[in-house]
Q: 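Below are the structure tokens for one structure; questions will follow.
Order of appearance sets the numbers: ligands from 1, and atoms from 1 within every ligand.
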Amino acid sequence: MPIVPMTEKDIVRTLAARGYMIEPGALQLLAGRADLIDRLLESLDPSALVVTSADVQRLLAAAGPAAKPARAGAAPDAGDPGPGPAAAVKAAPAPSRAAGATAPGGPGRDTAAARQDGGREKASPEKARDVQVISDITDNSTCIGDYDEFVGFFRNRYARLGEMIRGRLSARPVESVRKNGGRRTNGEKNEISLIGMVGDVRTTANGHRIAELEDQTGSISVLFQKDGDLKDAALLLDEVIGVTGLPTGDGGLFIPSAIAYPDVPYTNAARRSGERSVAALISDIHIGSDTFLEDGWLRFIDWVNGDHADGDGDLVGRLRYIVVAGDVVDGIGIYPGQEKELTITDVYDQYRKAAEYLGMVPKHIRIIVAPGNHDAVRQAEPQPALTREVQAMFRQANVTFVGNPATVEIEGVRVLVYHGRSIDDLVSSLPGVSYAKPDAAMVELLKRRHLSPIYGGRVMIAPEARDHFVIDPLPDIIHSGHVHTVGVSRYRGVLLANSGTWQGQTEFQKRMNIQPDPCRIPLVDLGTGDVKIVKFTG
Ligand code: D5M
Ligand code: FE
Ligand code: ZN
């Protein structure tokens with residue numbers, strides 16, 4: 001059997017899954033010696049963010065010439081987040097360990113960081129009086145990727161989402177239906193309900209869909225007939241649903257007449273601030289990318305400072321919060337060949353630039369920053385906040401750092417910030433959901449009360465003991481980004497907003513025909529819930 005060498009992409013993925021980025025030079029060095037990747041991982045300082053050329057050179061010097069060809073998937077298959085023990089995910093380096101730690105390699109960078117941050121000094125991001133972090137994985141990650149953790153993670157999801165449905169349906173255990181499914185009293189057909197997780201969906205030769213529905217007692221096939229009322233019911237893998245209907249004679253198959261999602265109660269009412277404060281929702285700044293739209297961004301910064309406010313003077317006067325839903329910088333080693341599309345090739349320099357920009361925001365405005373898939377934290381979600389080393393760069397700005405996802409309460413209004421990577425999964429799985437209307441995808445997530453239902457899709461999920469993607473308690477606002485388009489919807493009192501980007505169309509997006517909608521952002525009046533979209537293009 002031919003041995004397939006690990007591609008640069010595989011190496012980047014493998015390292016990313018373990019929480020590391022890699023410098024382009026280091027990647028080149030390692031490309032011919034992927035057989036060394038296990039040893040590299042062992043040799044790295046767990047608090048390091050970036051694998052540098054110096055790290056690889058040290059390893060090469062110690063290892064000598066290649067003894068055997070590079071192996072495909074030599075490292076712990078971490079590029080493939082399939083279920084099971086192979087999908088090991090390292091918990092992110094605890095920020096406290098990273099505080100003041102010397103980053104490996106890159107001597108210039110270390111000393112610059114040390115100078116700027118006063119060496120060992122710890123960042124103490126002060127909490128604004130009005131901003132409370134309600135939930136956040138930062139410093140609470142327990143996961144190491146064991147099989148048991150996957151079991152616990154899904155149990156936690158099933159229990160919490162199932163409970164939401166149970167409030168409206170009285171459901172039976174699946175196993176009891178399988179055993180007694182065919183038995184009817186007086187020949188009557190009494191409908192019953194089941195609550196389970198969708199384990200598999202397949203389409204039969206005749207065009208019907210069969211979903212496997214699992215609960216803790218067993219699994220049953222649920223038939224969605226091609227001409228039935230539920231023919232268009234949206235089904236996502238790993239989501240928790242309730243079905244009401246009839247079992248067939250032997251109990252092996254269930255024919256539903258209704259489907260129930262965890263959903264939001266009709267009675268849900270959004271909380272409002274007592275003041276008419278305004279929050280600007282932004283994301284996907286991508287500082288360091290050659291498609292970062294600096295002109296538009298600086299127009300925003302001017303606007304925040306009261307320049308060129310035109311008819312928006314009133315809004316700017318009330319602007320007290322800026323919420324950033326990830327992809328602050330473009331990062332490095334995020335996709336193969338990225339280095340050719342960067343104007344700032346050192347991730348720390350990218351964050352220094354970000355700190356400079358956010359430092360230009362007036363001090364009475366509180367900025368809340370969550371990471372995205374381009375930021376320098378572990379790729380597996382939930383992601384912790386930016387490390388203290390990076391946070392320390394933002395001392396000029398008034399920033400609260402949170403993880404992804406995280407819920408913050410601003411003047412009594414609950415804002416759930418989630419970068420939005422799962423929107424990619426929904427676009428490819430749900431008919432009618434597109435990049436042009438990201439808020440429609442967010443409505444689907446809210447109905448499912450889950451930010452990332454599909455396991456094993458584009459989102460690499462760390463199986464924490466608690467499923468941090470369950471949307472509970474209900475927020476008043478869900479703010480996402482990632483897909484680089486703007487969209488705002490409301491669903492049963494909850495405001496759903498995607499905040500676009502400050503990056504123009506990338507080469508990759510050109511190839512994929514993804515049209516970004518840059519330099520436009522939603523501004524939310526926290527007193528009324530009203531939204532205005534303001535644009536900062538020429
Ligand atoms: O993602 C920006 C947008 O581009 C988002 O809609 C996903 C899409 N994108 C980016 N990279 C990829 C890959 N590798 N495959 C498919 N789609 C992608 P951002 O997180 O800003 O890069
Ligand atoms: Fe982005
Ligand atoms: Zn993103």
Side-chain angles (χ1 to χ4, degrees), residues 7-14 16-17 21 79-81 281-293 296-297 323-342 347 350-351 354 369-383 386 403-405 417-430 433-442 445 451-452 454 456-461 479-487 497-521:
T7 63
E8 291 193 0
K9 195 167 159 190
D10 295 331
I11 296 173
V12 170
R13 276 213 200 124
T14 303
M21 300 172 121
D80 169 16
L281 308 183
I282 69 171
S283 62
D284 299 86
I285 319 175
H286 289 270
I287 292 162
S289 160
D290 65 5
T291 42
F292 165 54
L293 298 169
W297 172 255
V323 186
V324 188
D327 286 359
V328 176
V329 298
D330 208 52
I332 60 169
I334 304 293
Y335 57 87
Q338 187 192 19
E339 64 280 5
K340 293 191 222 81
E341 296 174 25
L342 292 177
V347 71
Q350 295 177 357
Y351 281 113
V369 172
N373 54 304
H374 282 254
D375 285 294
V377 290
R378 75 170 178 192
Q379 287 282 302
E381 298 180 12
Q383 297 178 292
L386 297 178
N404 170 42
V417 187
Y418 174 56
H419 179 58
R421 205 158 189 197
S422 63
I423 299 173
D424 288 334
D425 283 335
L426 264 68
V427 168
S428 49
S429 316
L430 283 185
V433 172
S434 72
Y435 283 120
K437 277 200 58 68
D439 45 309
M442 295 171 75
L445 294 173
L451 293 170
S452 187
I454 303 172
R458 292 276 273 285
V459 185
M460 194 183 294
I461 293 176
H479 170 203
S480 290
H482 182 60
V483 291
H484 295 199
T485 45
V486 178
N498 198 294
S499 52
T501 182
W502 300 88
Q503 185 182 37
Q505 195 179 36
T506 62
E507 280 305 313
F508 175 83
Q509 290 164 351
K510 249 180 231 164
R511 286 201 299 279
M512 302 292 287
N513 202 20
I514 295 175
Q515 287 293 338
D517 182 10
C519 307
R520 283 196 336 130
I521 60 164

Q: Mind checking whether Gln503 has an N or O less than 3.5 Å away from an N or O of ligand 1?
A: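 Gln503 vs ligand 1: no N/O contact under 3.5 Å.
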
Q: Please confirm if an N, O or S atom belonging to His374, backbone or side chain, lies less than 2.8 Å from the Zn ion (ligand 3).
A: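 Under 2.8 Å: His374 has no N, O or S contact with the Zn ion (ligand 3).
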
Q: Quick test: of every protein heavy atom, which one is nearest to atom 9 (N) of ligand 1, and how far off is it to 0.1 Å?
A: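 Nearest neighbour among protein heavy atoms for atom 9 (N) of ligand 1, to 0.1 Å: Phe508 CE2, 3.4 Å.
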
Q: Are the side chain of Ser428 and the backbone of Asp425 linked by a donor-acceptor contact shorter than 3.5 Å?
A: yes

Q: Okay, side chain of Gln350, backbone of Gly331: is any donor-acceptor separation there less than 3.5 Å?
A: yes

Q: Given that the side chain starts at C-beta and the backbone is N, CA, C, O, which of these parts of Ile514 lies under 4.0 Å from ligand 1, counting heavy atoms, or is it both or neither?
A: side chain

Q: Could you tell me whether the side chain of Tyr335 and the main chain of Phe508 form a donor-acceptor pair under 3.5 Å?
A: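 Pair absent, no side-chain N/O of Tyr335 close to backbone of Phe508.
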
Q: Is there a side-chain contact between Leu281 and Ile521, using heavy atoms and a 4.5 Å cut-off?
A: no

Q: Counting backbone and side chain alike, does His419 bring an N/O/S atom below 2.8 Å of the Fe ion (ligand 2)?
A: no

Q: Counting both backbone and side chain atoms, is some N or O of His286 under 3.5 Å from an N or O of ligand 1?
A: yes

Q: Tell me which part of Gln509 gets within contact of ligand 1: side chain, backbone, both or neither, using heavy atoms under 4.0 Å.
A: side chain

Q: For His374, take its heavy atoms, then give the atoms of ligand 1 lying under 4.0 Å from any of them.
A: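 So the answer, numbered in order with elements, is 19 (P), 20 (O), 21 (O), 22 (O).
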
Q: Okay, side chain of His484, backbone of Gly500: is any donor-acceptor separation there less than 3.5 Å?
A: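 Not confirmed, His484 side chain does not pair with Gly500 backbone.
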
Q: Using a 4.0 Å heavy-atom threshold (strictly under), name the region of Ile423 that reaches ligand 1: side chain, backbone, both or neither.
A: neither

Q: Between Asn373 and ligand 1, which residue portion shows a heavy-atom distance shorter than 4.0 Å: side chain, backbone, both, or neither?
A: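 Just the side chain.
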
Q: Kindly say whether Gly333 contributes a backbone atom to a donor-acceptor pair with the side chain of Glu339 at under 3.5 angstrom?
A: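 Such a contact is absent between Glu339 side chain and Gly333 backbone.
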
Q: Please name the residue in the list Asp375, Asn404, Asn373 that meets the side chain to side chain donor-acceptor pair (under 3.5 Å) test with Gln383.
A: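 Only one of Asp375, Asn404, Asn373 forms a side chain to side chain donor-acceptor pair (under 3.5 Å) with Gln383, namely Asn404.
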
Q: By atom name, which N, O or S atom of Asp327 is the nearest to the Fe ion (ligand 2)?
A: OD2

Q: Quiz question: by atom type and distance under 3.5 Å, do the side chains of Thr506 and Thr291 form a donor-acceptor pair?
A: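 Judged by distance alone, the side chains do not pair up.
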
Q: Using only N, O or S atoms, tell me which atom of His286 is closest to the Fe ion (ligand 2).
A: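 Of all N, O or S atoms belonging to His286, NE2 is the one nearest the Fe ion (ligand 2).
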
Q: Output the list of atoms in ligand 1 that are nearer than 4.0 Å to some heavy atom of Tyr435, sorted by atom number.
A: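 Here the atoms of ligand 1 in question are 6 (O).
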
Q: Name whichever N, O or S atom of His482 ends up nearest to the Zn ion (ligand 3).
A: ND1

Q: Tell me, which protein residue and heavy-atom name are nearest atom 7 (C) of ligand 1, and how many Å apart are they?
A: Asp424 OD1, 3.4 Å

Q: If we ignore angles and hydrogens, is there a donor and acceptor under 3.5 Å between the side chains of Gln338 and Asp330?
A: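 Indeed, the side chains of Gln338 and Asp330 share at least one donor-acceptor pair under 3.5 Å.
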
Q: Write down the atom of Pro438, the atom of Gly487, and the distance for their closest heavy-atom approach.
A: CG-N, 4.1 Å

Q: For atom 16 (C) of ligand 1, which protein heavy atom lies nearest, and how many Å away is it?
A: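 Here the nearest protein heavy atom works out to Arg458 NH2, 2.6 Å.
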
Q: Output yes if His374 passes the N/O/S-under-2.8 Å test against the Fe ion (ligand 2); output no otherwise.
A: no

Q: Of the side chain and backbone of Tyr335, name the one, both, or neither that has a heavy atom under 4.0 Å from an atom of ligand 1.
A: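 For Tyr335, no heavy atom sits under 4.0 Å from ligand 1.
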
Q: Have a look at the Fe ion (ligand 2) and estimate, to 10 degrees, the angle subtended by NE2 (His484) and OD2 (Asp284).
A: 90°

Q: At under 4.0 Å between heavy atoms, is it the side chain or the backbone of Asp327 that contacts ligand 1, or both, or neither?
A: side chain

Q: Checking only N/O/S atoms, does Asp327 have one that is under 2.8 Å from the Zn ion (ligand 3)?
A: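 An N, O or S atom of Asp327 is closer than 2.8 Å to the Zn ion (ligand 3), so yes.
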
Q: For atom 21 (O) of ligand 1, which protein heavy atom lies nearest, and how many Å away is it?
A: His484 NE2, 2.9 Å

Q: How far is atom 2 (C) of ligand 1 from its nearest protein heavy atom, and which residue and atom is that?
A: His482 O, 3.1 Å

Q: Using a 4.5 Å cut-off on heavy atoms from C-beta on, say whether the side chain of Pro516 contacts that of Gln503.
A: no

Q: Of all the heavy-atom pairs spanning Leu386 and Ala376, show the shortest one and how long it is.
A: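 Heavy atoms of Leu386 and Ala376 come nearest at CD2-N, 4.5 Å.
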
Q: Closest heavy-atom contact between Tyr435 and Thr485?
A: O-OG1, 2.7 Å

Q: Hey, does the side chain of Thr501 reach the backbone of Asp284 with a donor-acceptor pair shorter than 3.5 angstrom?
A: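 Here the side-chain-to-backbone pair exists.
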
